[in-house]
Amino acid sequence: MPKPTSTRFTPPRFTHTHSPGTNKHQGLVLRAQLNKPNTHTNPYVLTSLLNLYAKCDLLDHARSVFDEMRCPNTVSWTALITAYMNAGRVREAVAVARDAFASGMRPDSFTAVRVLTACARVADLGTGEVVWRAAQEEGVAGSVFVATAAVDMYVKCGEMSRAREVFDKMPEKDAVAWGAMVGGYASNGHPQETLELFFAMQTQGVKPDCYTVVGSLSACTRLGALDMGRQAVRTMDWDEFLDNPVLGTALIDMYAKCGSTGEAVVFQQMRKRDIVVWNAMILGLGLTGHGKIGFALVGQMEKSGTKLNDNTFISILCNCTHTGLVKDGRRYFHNMTQLYNITPRIEHYGCMVDLLSRAGLLQEAHQLIDDMPMQANAVVWGALLGGCKIHRDAELAEHVLKQLILLEPRNSGNYVMLSNIYSNSNRWEDAAKLRSDMKVNGVEKVRAYSWVEFSGKVHEFRVGDKSHPHMDQIYQKLDELGMEMKTMGYKPTTDVVMFDVEDEEKEHTLVYHSEKLAIAFCLLTTQPGEVIRVTKNLRVCTDCHTVIKLISRITHREIIVRDNNRFHCFKDGCCSCNDYW
DNA sequence: GTAGGGTTAG
């Protein structure tokens with residue numbers, strides 16, 4: 001470090017090889033050396049020192065230097081904000097920024113980026129918009145750094161159309177800018193837009209990097225779009241997936257949730273595995289009906305020296321649920337708190353309620369909800385409702401649905417199920433009251449539809465929709481299959497209407513539910529032996545589930561159906577969900 | 001001196 005020989009302060013040069021400890025020490029030495037008369041009032045010296053402290057994570061020192069300044073300039077305000085950010089005190093960083101603006105500071109591009117980033121982290125839309133406007137007034141909004149930070153700020157505040165506006169107006173876009181927008185669509189639940197943009201960036205000659213690939217993979221996961229996922233994979237060097245655990249996780253998750261466990265073996269080849277990769281793999285194995293391998297992996301994980309965390313236990317408990325291991329689930333839940341010192345979150349309770357409900361231990365599950373240290377949410381009640389459906393407990397289901405309607409007043413499915421329970425026990429007045437509640441609350445029934453990817457296009461199917469060019473053949477195929485199923489003893493399961501959401505669809509339309517139409521279309525358009533993949537916007541209905549199991553046996557096809565809750569892997573007359581979903 | 005990413009219970 002150069003030793004100051006005069007009152008003029010020369011900031012030391014830092015390289016990344018300096019440890020924070022060394023920097024901290026240098027900062028303190030500097031502070032001592034600067035304690036000479038007439039130096040500490042020099043604003044340049046103070047600002048440089050402030051910058052140094054901010055960099056060295058010495059927030060208190062930075063603050064006291066700042067407080068000594070009579071007229072802090074833009075650079076010194078920015079340094080102070082940075083110091084708060086580096087100390088992880090983001091809310092206070094935003095508060096400092098607001099003070100700065102109130103005092104008349106005008107941001108340069110560095111201030112704008114810092115503050116927009118801070119606003120993004122704490123989702124402070126109000127301050128974020130003030131900064132973005134100021135950046136435009138100061139003429140720094142054209143900077144790709146500033147605009148990208150603004151896009152990300154809008155993204156993190158969930159303001160996707162504003163984010164897109166800023167993005168579209170950017171005079172230049174690099175991979176980071178594309179990444180912010182692609183990732184933004186992905187994290188805000190807009191998988192279609194994610195993929196559109198991911199392909200658009202490529203047609204504009206920007207090569208996807210790992211950030212954009214991660215976003216597009218997570219979009220494919222949501223859509224159940226395995227082929228597009230594979231395409232996204234091909235845009236990157238394979239080694240990157242093996243060396244980058246974030247990419248690897250997105251990939252494993254995509255394969256697992258699109259029902260392609262075979263490809264998820266990439267896990268074994270990965271050279272860098274962090275806790276998130278392990279957790280995703282264990283969960284993925286459970287979801288695809290390979291729970292036993294999942295448990296083996298937990299053992300391997302501990303052997304490898306990776307400590308189990310709270311999310312690992314979600315994967316493990318989820319595994320117990322899908323494998324039906326009540327005793328093991330109870331043991332893990334107990335060990336989690338006693339041996340691993342992990343406090344269960346609502347997600348862990350949710351897993352336990354799910355586990356007990358599936359096993360038919362409905363009262364115990366209900367009791368657990370009552371005993372939980374936090375208020376149950378819709379997921380927890382939904383798990384109990386699942387148990388009521390399987391074990392035909394209409395009385396408890398009524399209670400659960402009332403809770404669900406309170407928690408999810410916009411979810412039409414809950415109203416319809418409860419109304420069906422009322423109709424089934426001739427409680428017409430209750431049913432009518434519920435229908436009118438729905439109207440009052442402006443809740444509209446969501447219509448079911450299913451879709452498949454075929455030769456680069458998405459084909460959509462709905463009950464009663466005859467617009468598809470192959471519809472005649474599709475109906476004919478379903479009728480043929482229906483005949484064969486009857487000889488196998490199949491009867492339409494209309495008695496489950498009590499719980500089914502698509503209530504107005506009686507037996508004759510049951511035969512032509514959207515998922516069945518989609519599967520028939522696939523049988524007509526794909527080669528024998530090829531795996532069939534269908535996605536549905538709502539849950540698969542009970543009758544369809546039975547029928548698809550039979551179709552998988554009759555046609556010797558593996559059929560993978562992704563619904564809005566999970567996916568079902570049908571093979572040889574069985575489903576990977578063990579008939580619970 | 002400045003910008004973007006993965007798993008997580010119905």
Side-chain angles (χ1 to χ4, degrees), chain A residues 11 14 51-52 54-55 75 78-79 81-82 85 107-117 120 140 143-153 155-156 174-184 186-187 209-218 221 244-254 256-257 274-284 309-318 320-322 344-355 357-358 376-389 400 404 407-408 411 413-414 539 564-566 580-581:
Chain A
F14 284 112
N51 253 323
L52 179 67
K55 233 197 212 165
V75 178
T78 310
I81 293 164
T82 304
M85 295 275 285
D108 64 9
S109 69
F110 293 93
T111 328
V113 168
R114 278 268 150 234
V115 183
L116 284 167
T117 308
V140 296
S143 142
V144 66
F145 284 92
V146 176
T148 303
V151 168
D152 189 49
M153 184 274 294
V155 160
K156 299 278 157 60
D174 60 9
V176 182
W178 283 97
M181 199 64 226
V182 169
S187 60
D209 64 2
C210 53
Y211 288 84
T212 41
V213 172
V214 164
S216 70
L217 283 176
S218 87
T221 308
N244 180 341
V246 179
L247 260 176
T249 304
L251 184 65
I252 288 168
D253 191 48
M254 189 274 290
K257 290 188 182 149
D274 62 9
I275 178 92
V276 186
V277 182
W278 283 99
N279 293 349
M281 190 67 235
I282 293 165
L283 183 83
N309 72 2
D310 48 351
N311 285 335
T312 316
F313 278 94
I314 291 179
S315 297
I316 292 173
L317 292 174
C318 201
C320 294
T321 302
H322 291 294
R345 287 184 281 122
I346 192 159
E347 289 88 344
H348 299 100
Y349 284 103
C351 289
M352 287 308 290
V353 170
D354 190 14
L355 178 66
S357 305
R358 283 178 199 242
N377 61 14
V379 180
V380 175
W381 286 115
L384 183 55
L385 180 67
C388 296
K389 278 170 75 172
V400 174
L404 276 170
L407 287 165
E408 300 179 322
N411 184 340
N414 297 326
R539 284 194 193 204
N564 65 342
N565 175 45
R566 55 164 299 140
Y580 188 101
W581 70 99

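Keep in mind the model is a prediction, meaning the values are calculated, not measured. FYI, side chains are in, hydrogens and waters are out, and symmetry mates aren't considered; it's all heavy atoms of this structure. Order of the sequence lines sets the chain letters (A, B, ...), proteins ahead of strands, with each chain counted from 1.
The A:Leu404 side chain lies nearest to B:dG10 when the options are B:dG10, B:dG1, B:dT7. Of the listed nucleotides (B:dA3, B:dA9, B:dG4), B:dA3 has the atom at the smallest distance from the side chain of A:Ala149. Among B:dT2, B:dG4, B:dA9, the nucleotide with an atom closest to any side-chain atom of A:Asp152 is B:dG4. When each of B:dG4, B:dG1, B:dG5 is scored by its nearest atom to the side-chain atoms of A:Asp108, the top-ranked nucleotide is B:dG1. Closest contact between the side chain of A:Leu283 and the listed nucleotides B:dG5, B:dT7, B:dG10 involves B:dT7.
Remark: side-chain polar atoms of A:Asp274 are paired, donor with acceptor, to backbone N or O of A:Val277 under 3.5 angstrom. Side chain of A:His348 to main chain of A:Leu317: no donor-acceptor pair is present (N/O by atom type, distance under 3.5 Å, no hydrogens or angles). Under a 3.5 Å cut-off, the side chain of A:Ser109 and the backbone N or O of A:Val140 do not form any donor-acceptor pair. A distance-only check finds a donor-acceptor pair linking the side chain of A:Asp209 to the backbone of A:Thr212 [under 3.5 Å]. For A:Asn377 (side chain) and A:Val380 (main-chain N/O), a donor-acceptor pair under 3.5 Å exists by modelled atom type.
As judged by a 4.0 angstrom heavy-atom cut-off over every strand, A:Val213 is placed among residues making no nucleic acid contact. A:Ala378 comes within 4.0 angstrom of a nucleotide base, judged by non-hydrogen atoms across all strands. The residue A:Thr82 sits apart from the nucleic acid: no heavy atom pair falls under 4.0 Å. Residue A:Ile346 is classed as a base contact, given a heavy-atom separation below 4.0 Å to a base. If you check every strand for non-hydrogen atoms under 4.0 Å, A:Ser109 touches a base. Residue A:Ala175 is in base contact, counting any heavy-atom pair closer than 4.0 Å across all strands shown. A:Asp253 comes within contact range of the sugar-phosphate backbone alone, with a heavy-atom separation under 4.0 Å but no base atom that close. A:Val277 comes within 4.0 angstrom of a nucleotide base, judged by non-hydrogen atoms across all strands.
Between the side chain of A:Glu347 and the base of B:dG10, no donor-acceptor pair under 3.5 Å is found. Scanning atom types as modelled, no donor and acceptor separated by under 3.5 angstrom connect the side chain of A:Asp209 and the base of B:dG5. Remark: the A:Asn377 side chain and the B:dA9 base include a donor-acceptor N/O pair separated by less than 3.5 Å.
Protein atom CE of A:Met85 is 13 Å distant from nucleotide atom C1' of B:dG1, rounded to whole Å. Separating the CD1 atom of A:Ile314 from the C1' atom of B:dT7 is a distance of 9 Å, rounded to the nearest angstrom.
In this structure, A:Phe145 forms no aromatic stack with the base of B:dA3, since the conditions of centre separation below 5.5 Å and plane angle below 30° are not both met. Under the stacking criterion of a centre-to-centre distance below 5.5 angstrom and an interplanar angle below 30°, A:Phe110 sits stacked against the six-membered ring of B:dG1.
Between A:Lys156 and the phosphate of B:dG5, there is a side-chain N or O to OP1/OP2 separation shorter than 4.0 Å.
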